[in-house]
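It should be emphasised that the depicted structure is a prediction, and the values quoted were computed from it without experimental measurement.
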Amino acid sequence: MELRELEAFLAVAEELHFGRAGERLYVSQSRISQLLRALENRIGATLVERTSRRVRLTPLGEQLFPELRAAYDGLHATIDAARDLARGLRGVLRIGFQGSVDEQTLNAVTAFRDAYPDSMIELVEIPYADPFGPLRRREVNAAMVLLPVEESDLVVAHVLPGRPQVLMLPTGHPLTRRAALSATDLTRVPLIGMTCLAPEYWRDVQTPPRTPDGRAIPGGPKVRTMQEAIAAVAAGRGGLLLCRTTAELQRRPDVTFVPVHGVPDSHLGLIWQRELSCARVETFARILAATPDPGLRAVM
């Protein structure tokens, strides 16, 4: 049995038009006729009646069509499953994240699960102070981390849209009475930093030592996690620079955040280890890139 003959019959049965059936299969109308006659010769009966005015299935063709459609779809599903298995799409995909998961990433996770129900995807929180360690220890397959990433062994697969930054301060601090701050205002409050395993270039972006025009920003206490940083802010030990959407999720009565103008936006990127790239992470990256940015609740 030739698969192309079956495809020709299915196309004619669904289109009831030899020309459109040929367009679907990228062959000529005469080729569709040849394939259909070959199938009818194999079966020993006519499946399609064709006149100058119409095309219709014979009673045998009508009986065969739904059964053949189901069998053909099942064959394709089996081949697709085998291809996914060969490409490594089945299995567990662990995506690390810092702090909280933004809405665009969650939508991409849902789209991935819908497209590949046989592939399990897990979200794993990774330490803010150690953005690259979980990848290198192979605890996750990929991670959404704050940029920049300038590691030779890591690939930045996709960068999410930038988010404006704010300064989180203890409620009642004089600067909280302002509608917005400038980068120069950062010199008036020590910035809380992280006891961090990441390289210095990464730390300097998250907790800058100087304003864009070169003025020194005082350093505050070092903490290990985001929650420790927010607790330090509430205790009046300094301010915390972070993206606005993260701050929105961390609202509490003892802290307040104020927009800061004149500092670069905060960016998140999907990264993985170059030598451990696989079909699952590459496919997720493509889905994430194609997922619209809702512009809401995107966080670190």
Side-chain angles (χ1 to χ4, degrees), residues 1-95 103-123 141-142 157-158 270 272 277-294:
M1 184 70 67
E2 292 290 336
L3 186 61
R4 204 62 169 165
E5 295 172 5
L6 304 181
E7 291 174 337
F9 169 70
L10 291 174
V12 170
E14 290 172 350
E15 298 290 346
L16 294 179
H17 192 282
F18 278 65
R20 290 195 297 269
E23 291 175 359
R24 277 180 52 172
L25 299 182
Y26 301 100
V27 298
S28 66
Q29 183 173 331
S30 61
R31 179 59 176 159
I32 291 292
S33 298
Q34 292 171 2
L35 291 169
L36 186 57
R37 283 197 300 270
L39 178 62
E40 289 175 330
N41 289 336
R42 290 180 188 276
I43 293 174
T46 301
L47 301 176
V48 177
E49 293 180 349
R50 180 182 183 185
T51 68
S52 58
R53 292 187 175 185
R54 61 183 300 183
V55 175
R56 67 180 180 181
L57 299 181
T58 66
L60 180 59
E62 291 180 348
Q63 178 181 339
L64 177 63
F65 170 60
E67 298 176 359
L68 185 56
R69 174 83 269 176
Y72 182 82
D73 290 344
L75 176 62
H76 266 280
T78 300
I79 296 299
D80 288 343
R83 184 185 298 114
D84 289 347
L85 184 60
R87 294 174 56 207
L89 283 171
R90 288 190 175 185
V92 179
L93 174 62
R94 293 180 176 85
I95 304 293
E103 187 172 1
Q104 183 178 359
T105 303
L106 285 176
N107 290 342
V109 168
T110 299
F112 183 91
R113 286 172 172 164
D114 290 343
Y116 303 100
D118 292 328
S119 182
M120 182 180 297
I121 189 167
E122 296 178 355
L123 296 174
N141 303 107
H158 181 67
L270 178 69
W272 63 68
S277 177
C278 68
R280 288 193 300 276
V281 294
E282 292 175 3
T283 300
F284 179 77
R286 288 194 294 271
I287 291 175
L288 178 63
T291 301
D293 173 23

Distance in Å, [X] [atom1] paired with [Y] [atom2], rounded so as to fall on 0.5 Å steps:
X: I287; Y: N107; atom1: CD1; atom2: CG; result: 12.0 Å
X: M120; Y: L93; atom1: CE; atom2: CG; result: 11.5 Å
X: T105; Y: L123; atom1: OG1; atom2: CG; result: 8.5 Å

Quiz question: by atom type and distance under 3.5 Å, do the side chains of Q34 and R37 form a donor-acceptor pair?
no

Residue pairs passing the side-chain hydrogen bond (donor to acceptor under 3.5 Å, both in side chains) test with at least one member in residues 52-62, sequence neighbours excluded, are E49-R56

Evaluate the side-chain proximity of [Y] to [X]: yes if any heavy-atom separation is below 4.5 Å, no if none is.
X: L39; Y: L6; value: yes
X: E7; Y: L35; value: no
X: E23; Y: E15; value: no
X: F9; Y: E40; value: no
X: L57; Y: L47; value: no
X: T283; Y: F112; value: yes
X: L270; Y: V281; value: no

So which heavy atom on [X] is nearest to which on [Y], and how close?
X: V92; Y: N141; value: O-OD1, 3.6 Å
X: A45; Y: L60; value: CB-CD2, 3.5 Å
X: R50; Y: S33; value: NH1-OG, 3.1 Å
X: F18; Y: Q29; value: CB-CG, 3.6 Å
X: R20; Y: H17; value: N-ND1, 3.0 Å
X: I32; Y: A8; value: CD1-CB, 4.1 Å

Can you check side chain to side chain contact (heavy atoms under 4.5 Å, CB included) on T110 and L106, steps first, answer last?
CA-CA 6 Å; T110 299; L106 285 176; 5.6 Å; no

Could you walk me through whether Y116 and R280 pass side chain to side chain contact (heavy atoms under 4.5 Å, CB included), step by step?
CA-CA 10 Å; Y116 303 100; R280 288 193 300 276; over 6 Å; no

Step by step, would you call R69 with L10 a side chain to side chain contact (heavy atoms under 4.5 Å, CB included)?
CA-CA 7 Å; R69 174 83 269 176; L10 291 174; 4.1 Å; yes

Check for a donor-acceptor pair, side chain of Q104 on one end and backbone N or O of T291 on the other, with a separation under 3.5 Å.
yes

Apply side chain to side chain contact (heavy atoms under 4.5 Å, CB included) to residues R4 and V27 and explain how you reach the verdict.
CA-CA 11 Å; R4 204 62 169 165; V27 298; 3.7 Å; yes

